[in-house]
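Since the structure comes first, as structure tokens, the remarks are kept for the end.
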Amino acid sequence: MTKTIAILGAGAWGTTLANLARANDHQVRLWSRQGDLSLEDVVKNAEIVLSAISMKGVQDVALSVKSCQVSPQTIFVTATKGLDAKTTRTPSQIWQTEFPDHSVVVLSGPNLSEEISQGLPAATVVASKNTAAAQVVQQVFSSGRFRVYTNSDPVGVELGGTLKNVMAIASGVCDGLHLGTNAKAALVTRGLTEIIRIGKVLGAKTETFYGLSGLGDLLATCNSPLSRNYQVGYQLASGKTLTEILASLPGTAEGVNTCQVLMQISQEQNITMPITEQVYRLLETQVTPKQALDELMLRDTKPEYHQ
Ligand SMILES: NC(=O)c1ccc[n+]([C@@H]2O[C@H](COP(=O)([O-])OP(=O)(O)OC[C@H]3O[C@@H](n4cnc5c(N)ncnc54)[C@H](O)[C@@H]3O)[C@@H](O)[C@H]2O)c1
Ligand SMILES: O=P(O)(O)OC[C@H](O)CO
């Protein structure tokens, strides 16, 4: 059945998702703050409101939508991968707080938008506490080129996509320093352990991180030069400054902000995050890429716990 869908954020991801929904004959209205359409007109009578806004704009946009006329049945979908710098909340937590009586669905997976725009096959996950709402979103986007799975752990799915961005920066550094395949495998594997450790404290289920939105997205983002987060790390390794890199980056690299928020969470909740800590110190120019590597390699010896 044709759905009326409002997509907020006309960047790389919002535009790609709009095209996927249009290809399935849905009626899509795309809103951006630079565009001609008003937010009020775009969300009016929408059965689904999907946000692909960068993290820094999510809270403000959610508040603006709250002041618009939204149908009580509207399903909110969030495709943002980040954490709020002020509150440390995830995007779905922000949308659910502003719209407590609505279903909120998280859409996340190994989804480099450029590949999907080229018509290459990909899979993703739609997760919600409300299974029926997740199934509606699954039908909207599913096609022969985009396979959509449902999941009942929205926070786990969301955190998989968010936390891997920090590991993608580290992976870019690893490749930029030409440290080899063994080093990369060690980094990604220990990165997953670190993601699970943080994710469990933040309320996610461990098994979710072994799925598409966790391990899947970690593999995609840590291995692709198309990833903006990977590019940040790769170019830091070549000696560029973060300011120079961000000035020429096409779109948002959420891992930079996520890393700062994670350091705050690490201090408040006493969670050990060695890789995140070194990425943070590198972004803050407290260490060079080579020093960050040495710090990680020379940590105290320990058993290989996966927790
Ligand atoms: N590009 C991808 O491959 C991809 C895939 C999956 C998820 N994501 C996630 O989707 C989100 C958006 O990524 P993108 O690649 O489209 O980024 P982008 O930089 O191309 O677009 C970001 C969009 O957010 C809007 N925005 C930013 N701040 C705003 C504010 N204060 N108010 C209103 N609008 C604001 C921008 O105008 C733009 O439309 C990120 O969280 C990213 O991690 C991206
Ligand atoms: O370009 P990045 O680093 O934001 O990665 C895009 C997607 O999150 C990959 O799934």
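No hydrogens, no waters, no symmetry mates; every other heavy atom, side chains included, goes into these values. Every number for a ligand or one of its atoms is a count from 1 in the order of the listing.
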- Summary of salt bridge (charged side-chain N to carboxylate O under 4.0 Å, His left out) pairs that have at least one residue in residues 233-254, sequence neighbours excluded: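 Qualifying pairs: none.
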- Message: Taking salt bridge (charged side-chain N to carboxylate O under 4.0 Å, His left out) as the cut-off, I'd like each qualifying pair that reaches into residues 30-56, sequence neighbours left out, listed once.
- Response: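 Those involving residues 30-56 are Lys3-Glu47.
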Report the member of [options] with the shortest heavy-atom distance to [atom].
atom                    : options                   : value
atom 5 (C) of ligand 1  : Thr16, Asn111, Ile116     : Asn111
atom 32 (N) of ligand 1 : Val61, Thr80, Asp217      : Val61
atom 22 (C) of ligand 1 : Gly11, Ser54, Ala79, Gly9 : Ser54

For ligand 1 and [X], I'd like to know whether there is a polar contact (N/O to N/O, distance under 3.5 Å).
X      : answer
Ala12  : yes
Trp13  : yes
Arg228 : yes

Record the part of [X] in heavy-atom contact with ligand 1 below 4.0 Å; permitted values are side chain, backbone, both and neither.
X      : result
Ser113 : both
Ile53  : both
Glu114 : neither
Ala10  : backbone
Arg33  : side chain

- What do we get for Glu254 next to ligand 2 when only non-hydrogen atoms under 4.0 Å count, side chain, backbone, both or neither? neither
- Message: With the threshold set at under 4.0 angstrom, would you say Lys164 reaches ligand 2 through any of its heavy atoms?
- Response: yes
- Task: Could you tell me whether ligand 2 has any atom less than 4.0 Å away from a heavy atom of Ala253?
- Result: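 The answer is no: ligand 2 sits nowhere under 4.0 Å from a heavy atom of Ala253.
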- Message: Ring-plane angle category for Tyr234 and Tyr230, please: parallel below 30°, perpendicular beyond 60°, tilted otherwise.
- Response: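 Parallel, since the angle between the ring planes stays under 30°.
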- Task: Identify whether the distance between the nearest side-chain nitrogen and carboxylate oxygen of Glu158 and Lys81 falls below 4.0 Å.
- Result: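 Salt bridge between Glu158 and Lys81, a charged N being under 4.0 Å from a carboxylate O: no.
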- Query: Numbering the atoms of ligand 1 from 1, which are under 4.0 Å from a heavy atom of Gln34?
  - Reply: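 So the answer, numbered in order with elements, is 37 (O).
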